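Proteins get letters first, then strands, A, B, ... in listed order; numbering begins at 1 in each. All values derive from a computational prediction rather than experimental measurement.
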Amino acid sequence: MLRVTNLTKRLPDGTVLLDGITFTVRKGEFVGILGASGAGKSLTMRCIVGLTSASEGEVAFTGEQGKTYTTTTIKGADLRRARRNIGMIFQGSNLVKRLSVLENVMVGRLGRINPLRSWLYGFTDREAEEAMDALSRVDMARFAARPTGSLSGGEMQRVAIARAIFQRPLCYLADEPIASLDPKNSLAIMRLLQPLASEHPILGSFHQPAMTAEFCTRVLGLRNGTIVYDGSPKMSPSQLAAIYSQEPNDERPSEPQRRPKGPMIGGAVMAAGNPA
Amino acid sequence: MTWADFRLERYGRIVKPGAVLLLLTVLALWRVDANVADLASGITKGVSIFRLFLPPAWSAFPSMIQPALVTVLLALTATPIGAACALAFGLAAARNVAPPWLRASARTAMAFERGLPEIVILLILVAAFGLGPFAGIIALVIGSVGMLGKLVGDAIEEIDPGTVDSVACVGATHAQMIRFVVLPEILPALLANMMFRFEVNIRASVLLGAVGAGGIGYELTLAMNQLEYGKATVAAFVSFVLVFVSERASNLIRSRVLAGDRLA
């Protein structure tokens with residue numbers, strides 16, 4: 001179980017990025033966060049796994065043997081123990097490009113094995129077999145020996161999911177897992193994620209309301225750092241508008257228009273490096 | 001603005017720096033008493049001296065093989081040792097691995113070292129270890145660390161922070177992240193730069209030989225001092241072959257490493 005209470009993130013200059021985010025993710029749930037770019041979806045996830053420190057509030061995560069970790073305050077070995085139970089699925093491009101696909105999957109187990117052994121010896125045959133099983137689940141077993149950098153975006157995303165499965169976590173976090181994929185691949189990734197939720201809950205951030213309506217069990221709507229919707233994934237147009245519509249007062253000041261550099265000839269700009 | 005104005009603005013910009021450069025060159029030539037008459041007499045003198053070097057004393061060739069091997073061995077031992085030390089310095093010099101004070105001191109030490117030519121390092125080391133290949137090896141190792149360490153540090157800092165975050169999120173320790181993110185990501189770059197440094201070390205090794213590290217460079221100075229110019233020609237030829245072959249070999253291996261990298 002993952003409980004986020006009053007999570008708030010303020011920048012030193014006073015800008016409020018997250019404002020009192022409160023929600024709980026329970027067993028069996030597939031929670032999708034919707035929100036415009038900059039609403040705070042990724043930041044919420046980063047605060048949950050302790051990659052970014054929160055200004056206020058706390059995240060309580062129930063780890064192995066029911067032990068509760070407050071990931072917003074713990075550090076060092078405690079934070080590592082909490083993290084190994086959270087399967088974070090980043091955009092696939094965050095894999096280690098020069099390791100093979102299989103090695104990237106096995107990296108998911110680093111938090112659970114003896115650090116000295118992993119340094120000197122690497123992984124065991126049994127771990128490799130289990131990692132192959134995880135790859136089979138996402139239909140990527142035949143790519144196991146390939147260098148990860150040679151895969152396509154959709155393939156990398158599958159490997160990222162295989163790594164999270166192999167990690168054997170108690171909950172999954174998926175930060176925009178389908179943001180950079182085409183519709184066909186997006187659908188395939190959602191179909192892989194959905195059955196995982198029956199084992200361990202998933203909290204994912206998305207940009208496609210149609211996808212969350214089809215696959216999620218619950219949707220959180222985030223807007224300017226506050227939760228404006230928490231309920232059924234089947235949303236009415238007006239509920240969607242409440243998340244995405246632009247109001248005059250939340251328009252960010254646009255960047256000052258930069259004047260093109262270079263001499264003007266009859267109103268046309270000459271490129272400085274190309275006098276011809 | 002017309003085209004002529006534009007041209008003036010564009011090319012006028014190089015007039016002032018160009019004039020300053022020209023003035024400095026003329027001043028420097030005047031200061032070192034350069035004149036055309038000296039140049040002319042120097043060339044004729046040079047040509048007559050050049051004749052002394054021919055024909056090469058090929059009979060000295062067999063005695064050059066052993067010193068040539070010493071020169072190659074100097075570079076061959078110093079380069080991998082230097083690369084290993086550079087890895088340690090590179091980790092210490094990377095923002096995403098080391099704390100700021102360590103990064104600053106490692107970078108300062110390496111910048112200081114790069115400011116010292118290998119010859120200066122060798123002359124200092126000779127005072128400590130005496131003449132011979134050992135001081136030469138240490139001088140080359142130190143020289144390699146200054147360059148390779150900086151390149152390794154820069155390569156580590158270019159690793160995608162998203163990759164580092166994502167591996168941190170499985171609960172990996174700092175050391176595990178170095179083993180499974182940093183090393184695989186920078187190893188091809190380190191190998192390629194190490195091959196390049198091997199080539200540089202061969203040149204430096206010839207040069208260091210001349211000031212006391214032994215090897216072919218020493219044979220060259222010895223022959224010159226003993227006025228055996230034919231022998232000096234052979235030594236120069238052997239050094240040329242060493243440098244040429246090491247450059248070809250280094251290019252070949254580097255392109256192999258980088259070709260493998262393109263696939264990876």
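The contact between A/Leu51 and chain B is made entirely by side chain atoms (from C-beta outward), counting heavy-atom distances below 4.5 Å. Proximity to chain B (any heavy atom under 4.5 Å) is restricted, for A/Arg46, to the side chain, taken from C-beta onward. Contacts between B/Asp165 and chain A at a heavy-atom distance below 4.5 Å involve backbone atoms as well as side-chain atoms. In this structure, the portion of B/Leu183 lying under 4.5 Å from any heavy atom of chain A is its side chain and not its backbone.
No more than 12 heavy atoms of other residues, nucleotides or ligands lie within 6.0 Å of CG in A/Asp125, so this atom counts as exposed by the packing criterion. Around CZ of B/Phe198, the count of heavy atoms belonging to other residues, nucleotides or ligands within 6.0 Å exceeds 12. No more than 12 heavy atoms of other residues, nucleotides or ligands lie within 6.0 Å of CZ in B/Arg248, so this atom counts as exposed by the packing criterion.
Per-residue counts of heavy-atom pairs under 4.5 Å with chain B were compared for A/Met106, A/Arg84, A/Arg146, A/Arg81; the largest is that of A/Arg84. Among B/Gly162, B/Cys169, B/Ala168, the residue making the largest number of heavy-atom pairs under 4.5 Å with chain A is B/Cys169. For the options A/Arg83, A/Glu103, A/Gln167, A/Met88, heavy-atom pairs under 4.5 Å to chain B are most numerous at A/Arg83.
Taking all atoms of both residues into account, the shortest heavy-atom contact from A/Asn94 to B/Ser166 is O-OG, 3.3 Å. Counting all heavy atoms, side chain and backbone alike, B/Thr173 lies closest to A/Arg80 at CG2-NE, 3.4 Å.
Side-chain atoms of B/Val167 and A/Arg163, non-hydrogen and from C-beta on, do get closer than 4.5 Å to each other. A/Val96 has its side chain within reach of B/Glu185: a pair of non-hydrogen atoms, C-beta onward, lies under 4.5 Å apart. Between A/Trp119 and B/Ile178 there is a side-chain heavy-atom pair separated by less than 4.5 Å. In this structure the side chain of A/Ser118 never reaches within 4.5 angstrom of the side chain of B/Arg179, judged on heavy atoms.
A distance of 5.0 Å separates CG of A/Leu110 from CZ of B/Phe180, quoted to the nearest 0.5 Å. The structure places CD1 of B/Ile159 at 11.0 Å from NZ of A/Lys97, a figure rounded to the nearest 0.5 Å.
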